[in-house]
Enquirer: 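Right, I'll just put the structure down here and ask away after.
Predicted, not measured: the structure shown is a model, and the values here were computed from it.
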Amino acid sequence: MAEKKREWKGFLFLIPSFAGVGIFWVIPFADVIRRSFFSAVSGEFTGLRNYGTIFENQAFRLAAGNTLRFFAVCIPALVLLSLLIAVLLTRRKKGMQLLKSMFLLPMAIPVASVVLLWRVLFDRQGLLNHLFSLLSLSGIDWMNTDASFGVLVISYLWRNLGYDVVLWVAALGAVPESLYDAAKVDGAGEWKCFFHITLPNVLPALFTIVVLSLLNGFKVFREAYLVAGDYPQDSMYLLQHLFNNWYRDLSLDRMAAAAVVTGTAILLLILALQKMWEQDG
């Protein structure tokens, strides 16, 4: 009887959370799915016509391709680089807290300040081109050529590196030191310890880090929008730019269809990653 009472108390404790998720996420997204099958102007049922329209739209294909390329480059680079730095930090006990704080500093910088930094560094008359001129090298129009994609990648890595480093450090801190001591007694070097002890023990944290890095990747739009506006150079035109422009034009039917496609793609990707980790486990 007492156990059932505790279960009911736990269920009542979760009701506010479930209500909040239902009201502010499930119901609105269900309405988005409904709107994707109707015309925004006449309100008539259009079936899959909105989905066919977005896949035929050149702007959607460009934005989707750039977004996929962005994640394909950034997520592996961020995960590997943050893991490398986290391993080096855990090996260096002295001053580790200060170093972790330094890596987290970019996350605390306001977006407006980051945009100003972008302009100072990557403008046609910015610091980087000035440095190139001192080295007798030709300057690069960073924001109006394909180099703008590289600027986007650098900004994402710089802003999110510290966050992933802290997550990796927490995972590495859970690995028992006795395993390393026993391996070194048996003659194992640093590389063998890393591949046979460190990696197997931190792999459970990899799924969480990849998913969080994926979700944080959508925040890079803020800097890109403030620097380049509604229509940036083609290489940095992302799905968020497309959604913003369609919202301004009140193309709600196309926007709803694109949102359903994007949400479904992200969900399938996360489920696939989870399945891979469960099989590895």
Enquirer: Which value, rounded to the nearest 0.5 Å, describes the distance between N244 atom CG and Y225 atom OH?
Expert: 5.0 Å

Enquirer: Restricting to non-hydrogen atoms, name the atom on I23 and the atom on P28 that form the minimum distance, rounded to 0.1 Å.
Expert: O-CD, 3.2 Å

Enquirer: Using a 6.0 Å cut-off, check whether atom CZ of R35 has over 12 heavy atoms from anything other than its own residue.
Expert: no

Enquirer: Contact between Y237 and Q233 at the side-chain level, heavy atoms closer than 4.5 Å - yes or no?
Expert: no

Enquirer: Measure the shortest side-chain to side-chain distance between F122 and L127 over non-hydrogen atoms and say whether it is less than 4.5 angstrom.
Expert: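 The answer is no; the side chains never approach within 4.5 Å.
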
Enquirer: Is any side-chain heavy atom of F132 less than 4.5 Å from a side-chain heavy atom of N129?
Expert: yes

Enquirer: Does L161 belong to the same Ile/Leu/Val/Met/Phe/Trp/Tyr cluster as V87, with side-chain heavy atoms less than 4.5 Å apart forming each link?
Expert: yes

Enquirer: Counting neighbours of CZ on F45 that are heavy atoms of other residues, nucleotides or ligands and sit closer than 6.0 Å, is the number greater than 12?
Expert: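 Counting neighbours around CZ of F45, more than 12 heavy atoms of other residues, nucleotides or ligands fall under 6.0 Å, so yes.
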
Enquirer: Going by the angle between their ring planes, with limits at 30° and 60°, are W246 and F60 parallel, tilted or perpendicular?
Expert: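 The rings of W246 and F60 lie parallel, inter-plane angle below 30°.
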
Enquirer: Can you check whether W158 reaches V114 side chain to side chain, under 4.5 Å on heavy atoms?
Expert: yes

Enquirer: Run the side chain to side chain contact (heavy atoms under 4.5 Å, CB included) check on Q58 and L62 step by step: do they pass?
Expert: CA-CA 6 Å; Q58 185 177 359; L62 174 64; 5.5 Å; no

Enquirer: Heavy atoms, side chains only, cut-off 4.5 Å: are T53 and N57 in contact?
Expert: no

Enquirer: Does R69 make a cation-pi contact with F149 (under 6.0 Å, within 45 degrees of the axis)?
Expert: yes

Enquirer: Just by distance, do the side chain of N216 and the backbone of L212 share a donor-acceptor pair under 3.5 Å?
Expert: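 Confirmed, N216 side chain pairs with L212 backbone.
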
Enquirer: Would you sort out whether F218 and F71 count as a ring-ring contact (aromatic ring centres under 6.0 Å, His included), showing the intermediate values?
Expert: CA-CA 9 Å; F218 288 99; F71 284 124; 5.1 Å; yes

Enquirer: Can you tell me how far apart CG (L238) and CG (L68) are? Round to the nearest 0.5 Å.
Expert: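 That separation rounds to 10.5 Å.
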
Enquirer: Spell out, as yes or no, whether a donor-acceptor pair under 3.5 Å connects the side chain of S36 to the backbone of I33.
Expert: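 Judged by distance alone, yes, a pair lies under 3.5 Å.
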
Enquirer: Indicate if Y231 and Y247 have the same hydrophobic cluster label, given that clusters are the connected sets of ILVMFWY residues with side-chain heavy-atom separations under 4.5 angstrom.
Expert: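 The answer is yes; both residues are in one hydrophobic cluster.
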
Enquirer: Looking at side-chain heavy atoms only, is the closest gap between R119 and V115 below 4.5 Å?
Expert: yes

Enquirer: Start with the C-alpha gap between D253 and T46, add the side-chain angles, then the distance that decides, and say whether side chain to side chain contact (heavy atoms under 4.5 Å, CB included) holds.
Expert: CA-CA 10 Å; D253 44 5; T46 58; over 6 Å; no

Enquirer: Going by side-chain contact (heavy atoms from CB on, under 4.5 Å), L81 matches just one of L83, L78, I85. Which one?
Expert: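 Only one of L83, L78, I85 forms a side-chain contact (heavy atoms from CB on, under 4.5 Å) with L81, namely I85.
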
Enquirer: Is there a path of hydrophobic side-chain contacts, each under 4.5 Å between heavy atoms of I, L, V, M, F, W or Y residues, that connects L203 with L172?
Expert: yes

Enquirer: Roughly how far, to the nearest 0.5 Å, is CG of D146 from CG of D234?
Expert: 8.5 Å

Enquirer: Classify the ring geometry between F37 and Y51 as parallel (under 30°), tilted (30 to 60°) or perpendicular (over 60°).
Expert: tilted

Enquirer: Check whether V32 and L48 end up in the same hydrophobic cluster, where Ile, Leu, Val, Met, Phe, Trp and Tyr are linked by side-chain heavy atoms less than 4.5 Å apart.
Expert: yes

Enquirer: Are F29 and V21 grouped together when hydrophobic residues (ILVMFWY) are joined by side-chain heavy atoms under 4.5 angstrom apart?
Expert: no

Enquirer: Among V166, L167, V165, which one satisfies side-chain contact (heavy atoms from CB on, under 4.5 Å) with S82?
Expert: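 That would be V165; it is the only one of V166, L167, V165 passing the side-chain contact (heavy atoms from CB on, under 4.5 Å) with S82.
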
Enquirer: Under 4.5 Å between any side-chain heavy atoms of K219 and Y156, yes or no?
Expert: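 A side-chain contact is absent here, since even the closest heavy-atom pair is not under 4.5 Å.
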
Enquirer: Which value, rounded to the nearest 0.5 Å, describes the distance between N160 atom CG and I209 atom CD1?
Expert: 12.5 Å

Enquirer: When rounded to the nearest 0.5 angstrom, what distance separates CE in M236 from OG in S148?
Expert: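 Output value for this atom pair is 5.5 Å.
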
Enquirer: Would you say N50's side chain and F38's backbone share a donor-acceptor pair under 3.5 angstrom?
Expert: yes

Enquirer: Can you check side-chain hydrogen bond (donor to acceptor under 3.5 Å, both in side chains) on S213 and D164, steps first, answer last?
Expert: CA-CA 8 Å; S213 300; D164 281 17; 2.7 Å; yes

Enquirer: For residues V153 and L157, determine if any side-chain heavy atom of one lies less than 4.5 Å from a side-chain heavy atom of the other.
Expert: yes

Enquirer: Once you round to the nearest 0.5 Å, how far does CD1 of I54 lie from CZ of R49?
Expert: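 I54 CD1 to R49 CZ: 14.5 Å, rounded to 0.5 Å.
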
Enquirer: Going by distance alone, is a donor N or O of one side chain under 3.5 Å from an acceptor N or O of the other, for S235 and N66?
Expert: no

Enquirer: Between R61 and E56 (side chain of the first, backbone of the second, donor and acceptor by atom type, cut-off under 3.5 Å), is there such a pair?
Expert: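 Yes; at least one donor-acceptor contact below 3.5 Å.
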
Enquirer: Decide if the gap between the ring center of H241 and the ring center of F221 is smaller than 6.0 angstrom.
Expert: yes

Enquirer: Would you mind writing out the side-chain donor-acceptor pairs for residues 254-267 within the sub-3.5 Å range, not counting sequence neighbours?
Expert:
{"residue": "R254", "atom": "NH2", "partner": "S251", "partner atom": "OG", "Å": "3.0"}
{"residue": "T262", "atom": "OG1", "partner": "A258", "partner atom": "O", "Å": "2.8"}
{"residue": "T264", "atom": "OG1", "partner": "V260", "partner atom": "O", "Å": "2.7"}

